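Here is the structure we will look at.
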Protein chains: 2
Amino acid sequence: MSGKPGLRDVARVAKVSLSTASRALAQPGLVSPEVRARIEQVCVELRYIPNRTAKRLSVDRSDTIGVIVPSIANPLFAPAIDGVRTVLDARNFGMLINSAELDPLRELKQVRTFLEHGVDAILTLMPVHDEQLFELLEYSKIPAVFINSARSETTHPFVEHDNFGAMRAMAQKVIDAGHREIAIISGPRSSTPIIFERTTAALETLAGSGVQPSLDWMIECDYDPVPARAAVRALLTSGRVPTALVCTGDQHAAAAVIEAQALGLRVPEDISVTGCNDVPLALLCEPQLTTVRLPYRELGETACRLALEMLEGNTPQRRTLLPYEVIERGSLGRPRTA
Amino acid sequence: MSGKPGLRDVARVAKVSLSTASRALAQPGLVSPEVRARIEQVCVELRYIPNRTAKRLSVDRSDTIGVIVPSIANPLFAPAIDGVRTVLDARNFGMLINSAELDPLRELKQVRTFLEHGVDAILTLMPVHDEQLFELLEYSKIPAVFINSARSETTHPFVEHDNFGAMRAMAQKVIDAGHREIAIISGPRSSTPIIFERTTAALETLAGSGVQPSLDWMIECDYDPVPARAAVRALLTSGRVPTALVCTGDQHAAAAVIEAQALGLRVPEDISVTGCNDVPLALLCEPQLTTVRLPYRELGETACRLALEMLEGNTPQRRTLLPYEVIERGSLGRPRTA
DNA sequence: CTGAAAGCGCTAACAA
DNA sequence: TTGTTAGCGCTTTCAG
């Protein structure tokens, strides 16, 4: 009774056996009301704090799930993580989180660490994975769900945005508005399949209307404001100016609006701009961004629910595609010549 | 040997005792090289994954720390969390994270959960706390460090930005530029002491130069783009227009720039705007924001280091004040009349 | 340098 | 309904 009180102490003080005390807390129904009340009473008197580590060791369940994100700092993932947290919270589960910094080998290592820590399931938002990861997951038989990185070769459930559909819809809007002189601004296409998917969707959609952006109208650049703005400026100051800028992310779109205006172009009268994701920034722009909303919070919530379902022994659907929604605001208009 | 291999299996295959196997991994120096090599060999053959839960139970150390944030979604905290992660990563520690949603009672509950999970230390970014929290922390004797919420009554180390100094410096710059007609835009002052501190610093600095903003030039509003813009618009369209807008956050400043421009005012020629924090958004504005940089990543890093130091038995300094840096960009100029 | 044995705090048969 | 007992997988004295 020197250190922290354990269940053993509770039992002694309440004059019951260790197992009765254990049951009183875990399966209250199996203990007589009076005894249970007494035990609960003693718990607060002694300020008993259950030791989950010990519990975990006997039941081989940690009530904790591990989440791997490509980067904690990316604001896009914040709502997704928060979605996970929300559903975990309701179940009193803990969340171990780690950032793989976009490095598949780091992800692999982190999964191993999660395994050591005994997480019950793993969620990953990494866009690409190392081959060994799948082997490890299969070997350890731990439930895992993949967010935004489909794997046709494996059986793990995955949930993703309809990136293709979203971008196609957005591009179609631009076409429908009458634009034909269209430039595309995307993030580094090689970095993640998602950006590649969005770019492809845009391109295919334009092609469907006979529009084929020239190479210098297909820009890849980083998301930081400075390089993004520089890229837009370069595009807008070197020769022919498109009537519309289709961006694969709101960051780029915002940079485009700002930079276009700085060059004296009016948005959308002189040039239209569209984004993707619908982050808060889209509302800060003037005009506000016409964009496609992609539900990031739901991404996390859904993935987490799938994982919990697996923990209960069910086999959830393998693929979950989250819907998009085109949000029409002010940054898309008709081209001047139309 | 049916389920996952344990250290016991490793030992058997390597033909050594359980304790030798344990030592080989934990204190390699105490085991003869040949034996150690054999054991390590077997570990990979068997794909042995150490069980930290078991280890934790015997050594009463989890190599995990718990972090509580007011909100995961707030992009300001992301770098701080990432800072924590970075230093934890280097030590192979895990991070349990939770959001208290700005509710001190939730924080209390989450600390309790962390305690159950056996975290070695706790970091909290919550701005305010419930009284019981301190009692619980003291009772459980767990190392805890407070981020951005100083508590003179307790002995826990805390690290914070020099919010007062930062805002005073920024306000002084505005005064020095010649402004006297100054409005202040802040977040809900009651929500967190930090905002209150910044506002107070600004106010006191202005007062030092005999400037006393009228009540309708002291605006409190939410951080979301829409309410922020609305608030700025109201300010700018109702009577006298200030020559400078001092904002306690870049979000507000960005909204101010946008909205001022939408009303036909030039920044900084007609109206100057200053921010605080120096988030990426500051670079997206045109002109870019003159602001004060507050190191969020370091906030997390430092706090985490302090916690680790405590874990090693040291007693780190109680207060750590992080430096600010005024960043002069384009949104602050001289007033037109000056 | 290596092995045997005693737990860490809790759960879960199995008995009573 | 309650108690007894045997672990969960690992670390760690204490001997050898």
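Each chain gets a letter, A, B and so on, in the order its sequence line appears, and its residues count up from 1. Since the structure is predicted, the reported quantities are computational estimates derived from the model, not experimental observations.
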Please report the distance, rounded to the nearest Å, between NE2 in B:His117 and C1' in C:dC10.
15 Å
Can you tell me how far P of D:dG9 sits from CG of B:Leu25, to the nearest Å?
16 Å
Validate the cation-pi geometry between A:Lys4 and B:Tyr139: distance from NZ or CZ to the six-membered ring centre under 6.0 Å, angle to the ring axis within 45°.
yes
Rounded to the nearest Å, what distance is computed from the CZ atom of residue B:Arg12 to the C1' atom of nucleotide C:dA4?
17 Å
B:Ser140 and A:Arg47: side-chain hydrogen bond (donor to acceptor under 3.5 Å, both in side chains), yes or no, with the steps?
CA-CA 10 Å; B:Ser140 60; A:Arg47 313 202 55 162; over 6 Å; no
What is the nucleic acid contact for B:Ser19, judged by heavy atoms within less than 4.0 Å: base, sugar-phosphate only, or nothing?
base
Please report the distance, rounded to the nearest Å, between CG in A:Asp63 and P in C:dT11.
11 Å
Please state how far atom CD in B:Gln27 lies from atom C1' in D:dT13, giving the value in whole angstrom units.
12 Å
Hey, does the side-chain of A:Ser22 have a donor or acceptor N/O within less than 3.5 Å of a partner on the base of C:dA12?
no
Give the rounded distance in Å between these two atoms: CD1 of B:Ile39 and C1' of C:dT2.
10 Å
Aromatic ring proximity B:Phe134/B:Phe146, centre distance under 6.0 Å:
yes
Pair B:Glu107-B:Thr124, side-chain hydrogen bond (donor to acceptor under 3.5 Å, both in side chains): steps then yes or no
CA-CA 9 Å; B:Glu107 181 190 33; B:Thr124 175; 2.6 Å; yes
When rounded to whole Å, the CD to C1' distance for the pair B:Glu34 and C:dT2 reads 13 Å
A:Arg319 NZ/CZ over A:Phe158 ring centroid, <6.0 Å and within 45° of normal:
no
More than 12 non-hydrogen atoms from neighbouring residues, nucleotides or ligands closer than 6.0 Å to CZ on A:Arg8, yes or no?
no
Atom CG of A:Asp9 to atom C1' of C:dC10: distance rounded to whole Å?
13 Å
Dump every N/O contact between nucleotides 6-9 of chain C and the protein below 3.5 Å, one line per pair.
from, atom 1, to, atom 2, distance (Å)
C:dC8, O2, B:Leu57, O, 3.4
C:dC8, O2, B:Ser58, N, 3.2
C:dG9, N2, A:Ala54, O, 3.2

Between B:Lys15 and B:Glu34, is a salt bridge (charged side-chain N to carboxylate O under 4.0 Å, His left out) present by the stated rule, with each step listed?
CA-CA 12 Å; B:Lys15 295 188 199 316; B:Glu34 310 85 61; over 6 Å; no
Donor-acceptor pair (no angle test) under 3.5 Å: B:Arg23 side chain, C:dG3 base:
yes
